[in-house]
Protein chains: 2
Amino acid sequence: MFSLSEENYLKAILHLQKTSKSGVNTNALAEEMQTKASSVTDMVKKLSEKNLVIYKKYQGVYLSDSGRKTALQIVRKHRLWEVFLVDKLSFSWDEVHEVAEQLEHIKSDKLITELDKFLKYPKRDPHGDPIPDAKGDFHVANKILLSNLSKGEHGTLVGVKDTSSEFLKYLDKNSIALGKTIQVLDKEEFDESMLIQTDGKSLRVSPMVAVNIYIKQ
Amino acid sequence: MFSLSEENYLKAILHLQKTSKSGVNTNALAEEMQTKASSVTDMVKKLSEKNLVIYKKYQGVYLSDSGRKTALQIVRKHRLWEVFLVDKLSFSWDEVHEVAEQLEHIKSDKLITELDKFLKYPKRDPHGDPIPDAKGDFHVANKILLSNLSKGEHGTLVGVKDTSSEFLKYLDKNSIALGKTIQVLDKEEFDESMLIQTDGKSLRVSPMVAVNIYIKQ
DNA sequence: ATTTATTTTTAGACAAAACTAAAAATAAAA
DNA sequence: TTTTATTTTTAGTTTTGTCTAAAAATAAAT
Ligand SMILES: [Mn+2]
Ligand SMILES: [Mn+2]
Ligand SMILES: [Mn+2]
Ligand SMILES: [Mn+2]
C-alpha cells in the first residue's frame, strides 16, 4: 500500500496531466501540492522507484499504468465519499471536499465496494464529475463551457470547473444548480458577460462565472 | 489537532487505565500499541508537554481531563463508524474493527454530528460497548460475566469482552448473538465449563468463552 | 541489607516527508 | 551565440515517530 502523501501526489499528477500533452512540471506539481519544488523532486524519485511514474531528470513526470490505476482508485473513493456526504449526511456541495480529501485514504476494499452499493452505484459526484468504477473506467460527458454558448442557445448544467467553496456558494445563492436548464438570453459583446435564465430567474454573469460552468446541449 | 499516533496512544491509555487503579505502565502501553517501551516513553513525554497526560518518571501515566475528553471523542467516532459499517454497509461485527481504527481519525465535527443523526443516535456499538455522546458522557450497563451465572440462572447477552475476529466468528457459528437470552442449564464443577441454551440450541462452552461474554440479568 | 531481576529511561540512529540555500540544467533574450 | 532568467535538482537540515543498545531506577529475592 501507499502512504497518504504518495496517494495525494498521484492524484495531483493525474489532475495536472489532463491539461498538458507533455510531462507534468515540477513547479506545477509543487503549486498543486502546496509545497516546494525540491520536495516534489524527492517524492517523484520515490514514486519512480516504485514504478508509479515515469521520470527523467528535467523532463517532467508521467503516470505509469500502475500509477494511473492507483490514482483513479483514489479519485473513485474521493467522489463516492462526496456522494455519501451530500446524499446521506446532508452536507452541501461546497462542504465536502476537505472531508473527502481525508476519507479517500481509508484502506479497505470491502468498504468501498459496499459504499458504492449503498449509494446505488452513482455515476457522478455532487460536482458532476464522473466516478471511475472498480476497474478505473468512467464515462466522459461531451460537455462545453457556458461561455461558448451563443445568444438564444440553452443547455443543462452538468458540472463545474471551479469547485471552490466560494464559487459553489455563489451558485447556490443564485439558484444555479446541477441538472438545471440554463438559457442564454443575451451576450454582451463588450465584456463577454451573459444574461442567463435558470430556475425561473434571470441573472447577469461575468465571464469568470461562465468559464467555470459545464453545459450539455 | 492531534496526530494519528497521539490519538491512538490516548485511546490506549484510556483503555488500560480502566483495569488499573494506579498509572498505566510503560510496558503495558508498549504491548497495547505494538511498539517498544522506549518509543512509549518518548510519546508519553510529548503528550505530557501538551497536557494530555500526567506523567512523572517511573510512576506511570494518567490521562488529564483534556486527554480523557480527547480520548473519549476518538472512542465515540470509532464506535459510531462501527455502527455505520454494520447497519448500513452490511459488515459483520468481526470485520469492523480494522476499518473503524482508520475512520476514527477523520477530522470533521460536522461529519460526526451528521453521522450520529443519520444512525439515529445509537447508544451502543455492534459489540455492545457504549457510545459516548458529544460531551463524552456515556451509560455503563450493570453487566456481569456469563461465568458468574449459576445453574438455572439466565440473562441477556449485552456485550463481549474479547472482540477478536476469532471469538466473534465462534459466537456467530453457534448462534450466540447480542440481545439473545442465555440460560445456564448446567455447570460442571470440575472444569467450570457450562451447558447453556440460546437461540433454541444447547451448547457446552469452556470457561474461556464464559469469561468473555457479558450478561444483564 | 545486599544482590539480582525487571522495568523504565536515555543516547544515538534511522526513515519519511518536509524545508532552505546553493548548484546545475534548460529555456529565453539579447 | 553568448548572456541572462527560469526551472529543476542536489546537499544539508528539521520534525515525527520509530528502533537498538546501554544506563539508571525500581521491585523482588536471597
Ligand atoms: Mn487526500
Ligand atoms: Mn467533487
Ligand atoms: Mn486508530
Ligand atoms: Mn466495538
Side-chain angles (χ1 to χ4, degrees), chain A residues 1-13 16-17 19-63 67 70-71 74 101-102 104-107, chain B residues 1-13 16-17 19-63 67 70-71 74 101-102 104-107:
Chain A
M1 273 316 112
F2 307 107
S3 75
L4 184 138
S5 203
E6 290 171 333
E7 292 188 345
N8 283 335
Y9 269 94
L10 290 176
K11 203 163 58 112
I13 298 168
L16 290 173
Q17 87 178 6
T19 51
S20 126
K21 49 245 104 229
S22 60
V24 172
N25 299 330
T26 303
N27 267 352
L29 197 41
E31 165 71 24
E32 177 80 14
M33 291 296 299
Q34 302 267 62
T35 186
K36 297 298 156 73
S38 54
S39 305
V40 169
T41 302
D42 285 347
M43 179 55 89
V44 157
K45 279 178 178 171
K46 200 171 71 164
L47 295 175
S48 180
E49 278 302 308
K50 300 190 177 187
N51 291 311
L52 292 166
V53 301
I54 288 108
Y55 166 65
K56 286 204 293 280
K57 275 189 195 175
Y58 297 99
Q59 302 312 122
V61 63
Y62 301 79
L63 286 176
T70 304
I74 316 289
E101 202 58 42
Q102 298 177 61
E104 70 188 1
H105 303 289
I106 304 290
K107 267 104 183 153
Chain B
M1 273 315 111
F2 307 107
S3 74
L4 184 138
S5 203
E6 290 170 333
E7 292 188 345
N8 283 335
Y9 269 94
L10 290 175
K11 202 163 59 110
I13 297 167
L16 290 173
Q17 87 178 6
T19 52
S20 126
K21 49 244 102 232
S22 59
V24 172
N25 299 329
T26 303
N27 267 351
L29 197 41
E31 165 71 24
E32 177 79 13
M33 291 295 299
Q34 302 266 63
T35 186
K36 297 297 155 74
S38 54
S39 306
V40 169
T41 302
D42 286 346
M43 179 55 88
V44 157
K45 279 178 179 171
K46 200 170 69 164
L47 295 174
S48 180
E49 278 301 308
K50 299 190 176 186
N51 292 311
L52 292 165
V53 302
I54 289 111
Y55 167 65
K56 284 204 294 279
K57 274 189 195 175
Y58 297 99
Q59 302 311 123
V61 64
Y62 301 78
L63 285 177
T70 306
I74 316 287
E101 202 57 43
Q102 299 176 62
E104 70 188 1
H105 302 289
I106 303 291
K107 267 104 184 154

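To find a chain, count down the sequence lines: A is the first, B the second, and so on, and within it residues start at 1.
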Distance-only donor-acceptor hits, side chain of residues 19-36 of chain A, under 3.5 Å, sequence neighbours excluded:
residue, atom, partner, partner atom, Å
Thr19(A), OG1, Leu16(A), O, 3.3
Ser20(A), OG, Ser22(A), O, 2.7

Side-chain donor-acceptor contacts of residues 50-61 of chain B below 3.5 Å, not counting sequence neighbours, with atom names and distances?
residue, atom, partner, partner atom, Å
Lys50(B), NZ, Glu6(B), OE1, 3.4
Lys50(B), NZ, Glu6(B), OE2, 2.7

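Glu104(A) is linked by a side-chain hydrogen bond (donor to acceptor under 3.5 Å, both in side chains) to Lys11(A), His78(A), counting only residues two or more places apart in sequence or in another chain. With sequence neighbours excluded, no residue forms a side-chain hydrogen bond (donor to acceptor under 3.5 Å, both in side chains) with Lys45(A). The side-chain hydrogen bond (donor to acceptor under 3.5 Å, both in side chains) test applied to Glu7(A) returns His105(A), Lys107(A), not counting sequence neighbours.
Taking side-chain N and O atoms only, Ser5(A) has a distance below 4.0 Å to OP1 or OP2 of dA18(C). The phosphate of dT9(C) has OP1 or OP2 within less than 4.0 Å of a side-chain N or O from Tyr55(B). Checking the phosphate oxygens (OP1, OP2) of dT18(D), no side-chain nitrogen or oxygen of Ser39(B) falls inside 4.0 Å. Phosphate proximity of dA18(C) to Lys36(A): absent, as no side-chain N or O sits under 4.0 Å from OP1 or OP2. For dT10(C), the OP1/OP2 oxygens have a side-chain nitrogen or oxygen of Lys45(B) closer than 4.0 Å.
Expressed to the nearest 0.5 Å, how far CZ of Phe2(B) lies from CG of Leu10(B) amounts to 7.0 Å. Note: Leu4(B) CG to Gln102(B) CD = 9.0 Å, rounded to the nearest 0.5 Å.
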Heavy-atom protein contacts under 4.0 Å, nucleotides 22-28 of chain C, coded B base, S sugar-phosphate only, - none: --BSS--
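Whole-Å rounding puts the Glu49(B) CD to dT15(D) C1' distance at 15 Å. The interatomic distance linking Tyr9(A) (OH) with dA16(C) (P) rounds to 15 Å, in whole Å. The CG atom of Asp42(B) sits 9 Å away from the C1' atom of dT9(C) (whole-angstrom rounding). In this structure, Met1(A) places its CE atom 18 Å from C1' of dA16(C), rounding to the nearest Å. Atom CG of Asn8(A) and atom C1' of dA16(C) are 15 Å apart (whole Å).
In the region residues 26-35 of chain A, proximity to DNA chain D at under 4.0 angstrom, judged on heavy atoms, holds for Thr26(A), Asn27(A).
For dT20(D), the base has a donor-acceptor partner in the side chain of Ser38(B) [N/O atoms by modelled type, under 3.5 angstrom].
Residue Thr41(A) has its side chain nearest to dT10(D) when only dT9(C), dT10(D), dA18(C) are considered.
Backbone-only engagement by Asn25(A) is indicated by non-hydrogen atom pairs under 4.0 Å involving sugar-phosphate atoms exclusively.
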Ile106(A) vs Ile106(B), side chain to side chain contact (heavy atoms under 4.5 Å, CB included): CA-CA, chis, key distance, verdict: CA-CA 9 Å; Ile106(A) 304 290; Ile106(B) 303 291; 3.9 Å; yes
